[in-house]
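Below, chains carry the letters A, B, ... as their sequence lines are ordered, and counting in each starts from 1.
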2 protein chains.
Amino acid sequence: MGLTRSEIFTEEQNLLASLLKAVAHPARIAILQRIILSNTCICGDLVGELGLAQATISQHLKELKSAGLIQGTIEGVSVCYCINPKVWKLLENRLGEFLGSYKGATECC
Amino acid sequence: MGLTRSEIFTEEQNLLASLLKAVAHPARIAILQRIILSNTCICGDLVGELGLAQATISQHLKELKSAGLIQGTIEGVSVCYCINPKVWKLLENRLGEFLGSYKGATECC
DNA sequence: CTCATTAATCGTAAAATTGCAATAATACTA
DNA sequence: TAGTATTATTGCAATTTTACGATTAATGAG
């Protein structure tokens, strides 16, 4: 019926899926790359650099923030975003565990 | 208007996003974990183990396959799925590069 | 206080996703 | 060939996602 049946999966699976979903969009990847690049945080610069409307960027930022991947603080008239190290590391660890659990050793199909 | 504007992003960003999107669902994570666990491939076992209908599982498998993450070969009456090592490694590399590009060094916000 | 700048929110439209029942296709078995 | 088991496909409904214009805060400048 169009909604994910989270209740039948483990906490682990749901957490990883929700973090990945937040990253799984080219615009949000671009935003994250941009934030990482200039580790002095930016904000509305994104609107000029990506080719998306201000409302759209703001929405993507909101999604990244609600996933916990970034955090924003008000900096005078503009807002300063940066990576949330804790959640970033969490994603790195969980994902590394998951991806690393496959050892391409035994051929199968 | 409801569709991602892929043309304004780099090939890199679009590729990573599409691979991540394929993984970013608890059911598909569960399926991948199950395939990895029993490196002898399974197929309809999934329907019994996850609590989802056969049609739904088949659709998730199709998505994973079209993303290139798994491959399936016909094994008698059933179908044998397993990880596609090349694409798996590709995801591991690109993602490692991306996630690793953030060094949590300089405090910001 | 008024104005300009910046960001968030609201409302809307188009499209994609999720899930399932029903049906079709495929291949083995007797 | 008829029957059975397994998987894929189709069609549908509910929900979510993506994107944007318009509007609404919020803050600093004059």
Considering just the side-chain nitrogens and oxygens of [X], establish if one lies under 4.0 Å of OP1 or OP2 belonging to [N].
X        : N       : value
His60(A) : dT17(D) : no
His25(B) : dG19(C) : yes
Tyr81(B) : dT6(D)  : no
Thr56(A) : dA19(D) : no
Lys21(B) : dT17(C) : yes

From [atom1] of [X] over to [atom2] of [N], roughly how many Å is that when rounded to an integer?
X        : N       : atom1 : atom2 : result
Leu46(B) : dA8(D)  : CG    : C1'   : 15 Å
Glu75(B) : dT26(C) : CD    : C1'   : 15 Å
Arg5(A)  : dT18(C) : CZ    : P     : 14 Å
Ile57(B) : dC20(C) : CD1   : C1'   : 12 Å
Leu3(A)  : dA16(C) : CG    : P     : 20 Å
Gln54(A) : dT9(C)  : CD    : P     : 11 Å
Glu63(B) : dA16(C) : CD    : P     : 12 Å
Leu50(B) : dG19(C) : CG    : P     : 11 Å

Legend entry - Nucleotide nearest Val79(A) when distance is taken to its side chain, options dT18(D), dA8(C), dC20(C):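 Within the option list, the nearest is dA8(C).
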Inset, instruction - Confirm from the modelled atom types if Gln59(A) and dA8(C) form a donor-acceptor pair under 3.5 Å, side chain to base only. - result: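 Side chain to base: no pair below 3.5 Å.
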Legend entry - Pair Glu92(A) + Lys89(A), salt bridge at N-O below 4.0 Å: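 So Glu92(A) pairs with Lys89(A) through a salt bridge.
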Legend entry - Pair Phe98(B)-Leu20(B), side chain to side chain contact (heavy atoms under 4.5 Å, CB included): steps then yes or no: CA-CA 12 Å; Phe98(B) 171 58; Leu20(B) 287 178; 5.7 Å; no
Inset, instruction - For Phe9(B) and for Leu61(B), locate the closest nucleotide of DNA chain D by heavy-atom distance; then report the residue assigned to the nucleotide nearer the 5' terminus. - result: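 Nearest nucleotide further toward 5': that of Leu61(B).
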Inset, instruction - Could you tell me whether Ala55(B) contacts a base, only the sugar-phosphate backbone, or nothing, with contacts defined as non-hydrogen atoms closer than 4.0 Å? - result: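 Base, at least one base atom sits under 4.0 Å.
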Inset, instruction - Classify the nucleic acid contact of Val77(A) as base, sugar-phosphate or nothing, counting any heavy atom under 4.0 Å across all strands shown. - result: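 Answer is base: heavy atoms of Val77(A) come under 4.0 Å of a base.
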Inset, instruction - Quick one: pull up CZ in Arg34(A) and CG in Leu50(A) and give me the separation to the nearest 0.5 Å. - result: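 Output value for this atom pair is 8.5 Å.
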Legend entry - Nearest-0.5 Å distance that lies between atom CG in Leu90(A) and atom CG in Leu15(A):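 It is 5.5 Å, given to the nearest 0.5 Å.
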Legend entry - Comparing Ser78(A) and Ser6(A) on DNA chain C - which has the more 5′ nearest nucleotide: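 First, find each residue's nearest nucleotide; the 5'-ward one identifies Ser78(A).
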Inset, instruction - May I have the step-by-step check of side chain to side chain contact (heavy atoms under 4.5 Å, CB included) for Leu16(B) and Phe9(B), ending in yes or no? - result: CA-CA 11 Å; Leu16(B) 187 53; Phe9(B) 303 107; over 6 Å; no
